[in-house]
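Encoded as structure tokens, the structure appears first; notes follow it.
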2 protein chains.
Amino acid sequence: MSEAAAREVTRARIEAAALELFAERDFDAVTADEVADAAGISRRTFFRHFATKADAVWGDFHEHVVRLEKKLAATDPEQPVLASICAAYVEVNDYADAELPLLRQRMRLILSEPALQAHSQVRYADVDRVVAEHVARRTGCRPDSLVPRLVALATRAAATTAFEAWLAGDGSLADDLHAAFDQLAGGFPTLR
Amino acid sequence: MSEAAAREVTRARIEAAALELFAERDFDAVTADEVADAAGISRRTFFRHFATKADAVWGDFHEHVVRLEKKLAATDPEQPVLASICAAYVEVNDYADAELPLLRQRMRLILSEPALQAHSQVRYADVDRVVAEHVARRTGCRPDSLVPRLVALATRAAATTAFEAWLAGDGSLADDLHAAFDQLAGGFPTLR
DNA sequence: TGCTGCGTGGCACTGGGTGCCACTAGCGTC
DNA sequence: GACGCTAGTGGCACCCAGTGCCACGCAGCA
């Protein structure tokens, strides 16, 4: 086995051990030592693979952001901006059935454990940046101006809410994403 | 001086020392010991007044949430829901001119320092809960269902964006809040 | 055989946060 | 005045996350 592949295997084993331990106890109640032991590596090695304990929950999130960025760049310029963002979110989150239990476990942790909820803000900042840049390209204004930033943060709010609804119910994630984005794009029609 | 008042004075002194140090160096580069020294108290006492180093930046945020809750409860039932939330946000954030420099310093830290950005998520969860309950009362659905949660998270996105715009520009916070809420309530009219 | 690069483990150290105990100051009661 | 009560405080030891440094082992390669 090549060294690069061996590194991936180790990383995956740490990730699996971490998710299992965090699911059976609270995130804060599990030490990095315990995760390392369960994964059969040293504490020092754990922190070589994941910068923080929280990062072990996120898998390869950077790859996720890169895929979102590509989907956004490839959208039809004629399509409304919000629809293009919704479509990109749906496509990027189109998991195979076999992956859904893992996704549920991950999202349940991220949305319910305070420490992970806090950490998520840092990871999602990348998503916000990518979406704001997309909106800025489409509208011709700067990515740090009000509308791009607002659209980025509001669409992420929609995605987060859709994940909450998906976790609480038993429908499809795509349906929940569309429901949330429809509310947003329509200015919350049910509130009138 | 009564003991309760003395406690408030100590708390205020810690807060002032913390803000000053965090402003002149990075948040992470300042230790709790340094803040305690600057405030003339021990490290142990620092953590009796503030649960975490980050909390020293937030002032009495709980009181802020309580005021927001009261404003929301007192809104006119005929007023559109989003407008009532916008009005409540504006009223709760109606600071005197003399307080604005402090607010700027606080928000700049919270929005730019990653550690504080992460911590903010935990504090804002209270705001989200209060807003979602308001929407749930007004619409007759449960506070953890999709629309109340989405409105809570999306309006907070609007408020956050308004704060970013306010920090970057030199207009009034109320104007920026209204601009962001107008976009949200109108389904982002400028994107069409 | 020696060299190089990389993943790893061990170890010591910094810093956030907590539990525990002892001290003190203010205050009411006998 | 002596006694107890309470609240804020300081000091200390401890746990745990995260980091820098060094040494080891193992692959590939000359």
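Just so we're on the same page: letters track the sequence lines, and every chain starts at 1.
A:His49 has a side-chain polar atom (N or O) that falls below the 4.0 Å cut-off from OP1 or OP2 of C:dT8. Between B:Thr45 and D:dG10, a side-chain N or O to OP1/OP2 separation shorter than 4.0 Å is present. Phosphate contact (OP1/OP2 of D:dG8, side-chain N/O of B:Thr10, threshold under 4.0 Å): absent.
Side-chain to base pairing of A:Arg43 with D:dA17: one donor and one acceptor N or O lie within less than 3.5 Å of each other. Under 3.5 Å, the side chain of B:Arg44 and the base of D:dG8 form no donor-acceptor pair of N or O atoms.
B:Phe50 places its CZ atom 18 Å from the C1' atom of C:dT18, with the value rounded to the nearest Å. The distance from atom CZ of A:Arg25 to atom P of D:dC16 is 11 Å, rounded to the nearest whole Å. Rounded to an integer number of Å, the gap from B:Phe46 CZ to C:dG17 C1' is 11 Å. Spacing between atom CZ of A:Arg7 and atom P of D:dA27 amounts to 18 Å, rounded to whole angstrom units. Remark: P of D:dT9 and CD of B:Glu8 are 11 Å apart, rounded to the nearest angstrom. As rounded to whole Å, 12 Å separates atom C1' of D:dA17 from atom CZ of A:Phe22. A straight line from CD of A:Glu34 to P of D:dC15 spans 14 Å, rounded to a whole angstrom. Atom CZ in A:Phe47 sits about 12 Å away from atom P in D:dC16, given to the nearest Å.
Between A:Gln117 and B:Gln121, the closest heavy-atom pair is O-CG, 3.4 Å.
Among the nucleotides C:dG10, D:dA17, D:dT9, the one closest to the side chain of B:Arg48 is D:dT9. Of the candidate nucleotides D:dG18, C:dG17, C:dG10, C:dG10 has the atom lying nearest to any side-chain atom of A:Ser42.
Here A:Glu133 pairs with A:Arg129 in a salt bridge; the nearest charged N to carboxylate O distance falls below 4.0 Å. The residues B:Arg106 and B:Glu15 are annotated as salt-bridged, a charged nitrogen and a carboxylate oxygen being separated by less than 4.0 angstrom.
Using a 4.0 Å heavy-atom criterion, one finds that B:Val35 contacts no nucleic acid atom at all.
Aromatic ring orientation, B:His64 versus B:Tyr95: parallel (interplanar angle below 30°, classes split at 30° and 60°).
Environment of CZ in B:Arg104: crowded, with over 12 heavy atoms of neighbouring residues, nucleotides or ligands closer than 6.0 Å.
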